[in-house]
Amino acid sequence: MSTTHNKLFVDQVYADPSSVTFSVKVKPTTYSEGCTSYPIEPSATDEDLTSFFLKYPMTIDWGDDTISTFDGTKTITVSDFIHYYDTDVEDAEYTVHFYSDSGYLPAFGIKNSTDTSAYPTLHYARFSWTELLSAFPVTRDVATKYIVQNLYCTFYNFRFLTYVPSYFSDNYQQYPTYITQLDSTFAHCERITKIESGAFQYFKGVHTCKKTFYYCTKLNEIAADTFASMLELTSVSNCFATNKSLTYIPPTLFKSQTKLNNFSYTFYTTSITEVPSEFLNHITVEDPYVSHMFESCEHLETVGTNILPPKTHSVAFLFKHCSLLKLNVNPFENLIFIDDWSSTFDGCGIETLPDGLFDKTPSHGADFSYTFQDCTKLKSAAGAFRNIQFGDSDSSTESEFNFKYTFYRCQSLVVSDDIFDDPENPDYENRFKNVDNINFNRTFMTVNYIGTSVGKSPQLYLYQYKDGLGTPSDSTSCFSGHSLNSLEDYDSIPEEWK
């Protein structure tokens, strides 16, 4: 396999057949009487892009009766690839043809790793075509017959691309399983507004779409069948992250996927307003990673039911900083394995909790640290943890529950005495006796209480803990910030809990 001479061209990686033809559309930058020039040029910003050695002869027909010829005997610079079209026509179209009489065409825009086992990667991103009108070529190493499999960063920061066309994958009809990843393929294409239906229909072997459309800030339309052919897809981590114009998720976007297991930051800081019911309920992989999936979606208001894969274990940071989010229904009703709720709703606009939100928490324990931190509009958490089985006397598995900072700075929360148990239960003090470790550090700590009434503490200090001990693993500042204005029994709370 070839070695990398620089980031733009790779020695001895060739196109097969020995010519490449594609169309470009150019826009005049200014209008004047006569004609206007518009450059098609490499976006060379790094020093190692300034020159390279072209080993084989190559001819470029720019489509406007202009020919550039390279004899393959000297070092040339990126300026040799700058071409100006003289036109006064808006959206003028030209067909550009690269060919070589030697039968070997240096792979235009191909980058390959110095790793000799790596497959060549198509990098058109180094050139700023206004719009690619025809499908990109199937390119391969003549010696090894390896077809390009890696589109990593291919169109990265492609400054003038405005959409992903329906024919994008057409040249791979004969090789539907060869493209295995689309990681960062269109990242930072800040002018893309839509992904057309059928754009990836011939990419049936793709495994990962990490950061594929990362920071495509104008993307606002995703075809429902965007991933329909990618049955082997396992990761969409950061796929649409930071796309501020994206407001809608097609309900069937991942309907064809059953192997997806990584959704970290997929829709991070987008402007979506709703997560549809049953969105990922069909995915049956064990313990998929969904943390941060919708973090900082500041326009997200509603979520449907059963939105996650049923074998999800952690929903940590899932809706963190979704400041408008309301929980009108339980989005996790189908989940029975969740043991990590850390920062799930941190900074959300939740006012009340749906019934049964935590009822299916496993008895071996769960992490509720920071779950509702800074939910300043949360008014009630009555009965939130009342139906959890805390520990199991017949189990050999160590149990641990963490309520550190669970309701930290929830300044509107009226604390109630039934959050962990029915206060009328005569056996309430034994609620946690089978739990090996339990933490109440700053659980209800508040700042500037603005609740509408005076609440009552759940009297955690009266409970019996592991081995009959009267204290949990940590209770530091559990009720810090409260007073008789917020808790009617405040004076009865031991100092070590305040």
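Residue numbers count from 1 along this sequence.
- Remark: side-chain polar atoms of Asn243 are paired, donor with acceptor, to backbone N or O of Cys216 under 3.5 angstrom.
- The shortest side-chain heavy-atom distance between Leu335 and Leu308 falls under the 4.5 Å cut-off.
- Distance alone, capped at 3.5 Å, is enough to place a donor-acceptor pair between the Ser245 side chain and the Thr217 backbone.
- Note: Phe319 and Phe332 have tilted aromatic rings, judged against thresholds of 30 and 60 degrees for the angle between ring planes.
- Gln201 places no side-chain N or O within donor-acceptor distance of the main-chain N or O of Ser169, the cut-off being under 3.5 Å.
- Residues Val303 and Leu327 have side chains in contact (heavy-atom distance under 4.5 Å, counting atoms from C-beta outward).
- With hydrogens and angles ignored, the 3.5 Å screen pairs no side-chain donor or acceptor of Glu196 with any backbone N or O of Pro165.
- Annotation: side chain of Leu233 is in contact with side chain of Cys209 (closest heavy-atom distance under 4.5 Å).
- Counting heavy-atom neighbours within 6.0 Å of Gln411 CD, excluding the residue itself, gives a total above 12.
- Side-chain atoms of Lys244 and Thr269, non-hydrogen and from C-beta on, do get closer than 4.5 Å to each other.
- Taking CD of Glu295 as the start and OG1 of Thr344 as the end, the distance is 11.0 Å to the nearest 0.5 Å.
- Minimum heavy-atom separation, Thr361 to Ala366: CG2-CB, 3.6 Å.
- Heavy-atom contacts from other residues, nucleotides or ligands closer than 6.0 Å to OH of Tyr215 number 12 or fewer.
- Centroid-to-centroid, the aromatic rings of Phe168 and Phe186 come within less than 6.0 Å.
- For Tyr405 against Arg442, the heavy-atom pair with the smallest separation is OH-CD, 3.0 Å.
- Within a 6.0 Å sphere centred on NZ of Lys360, heavy atoms belonging to other residues, nucleotides or ligands number more than 12.
- Other residues, nucleotides and ligands place more than 12 heavy atoms under 6.0 Å from the NZ atom of Lys326.
- Partner of Arg409 under the side chain to side chain contact (heavy atoms under 4.5 Å, CB included) criterion, chosen from Val447, Thr446, Thr376: Val447.
- For Phe240 and Tyr214, the distance between ring centers is not under 6.0 angstrom.
- In this structure, Thr302 and Leu325 approach most closely via the heavy-atom pair N-CD1, 4.3 Å.
- Judged by distance alone, the side chain of Asp374 and the main-chain N or O of Asp346 form no donor-acceptor pair under 3.5 Å.
- A 6.0 Å sphere centred on CG of Asp355 holds no more than 12 heavy atoms belonging to other residues, nucleotides or ligands.
- Two rings, from Phe227 and Phe254, have their centers less than 6.0 Å apart.
- Between Tyr268 and His292, the distance separating the two ring centers is not shorter than 6.0 angstrom.
- Aromatic ring pairs are classed by plane angle as parallel below 30°, tilted from 30° to 60° and perpendicular above 60°; the pair Phe294 and Phe279 is tilted.
- Just one of Phe401, Phe403, Trp341 meets the ring-ring contact (aromatic ring centres under 6.0 Å, His included) condition when paired with Phe358; it is Trp341.
- Looking at Glu232 and Lys259, a side-chain N of the basic residue comes within less than 4.0 Å of a carboxylate O on the acidic one, giving a salt bridge.
- Between Thr305 and Ser277, the closest heavy-atom pair is N-OG, 2.9 Å.
- Heavy atoms only, all atoms of each residue included: Leu324 and His299 are closest at CD1-CA, 4.0 Å.
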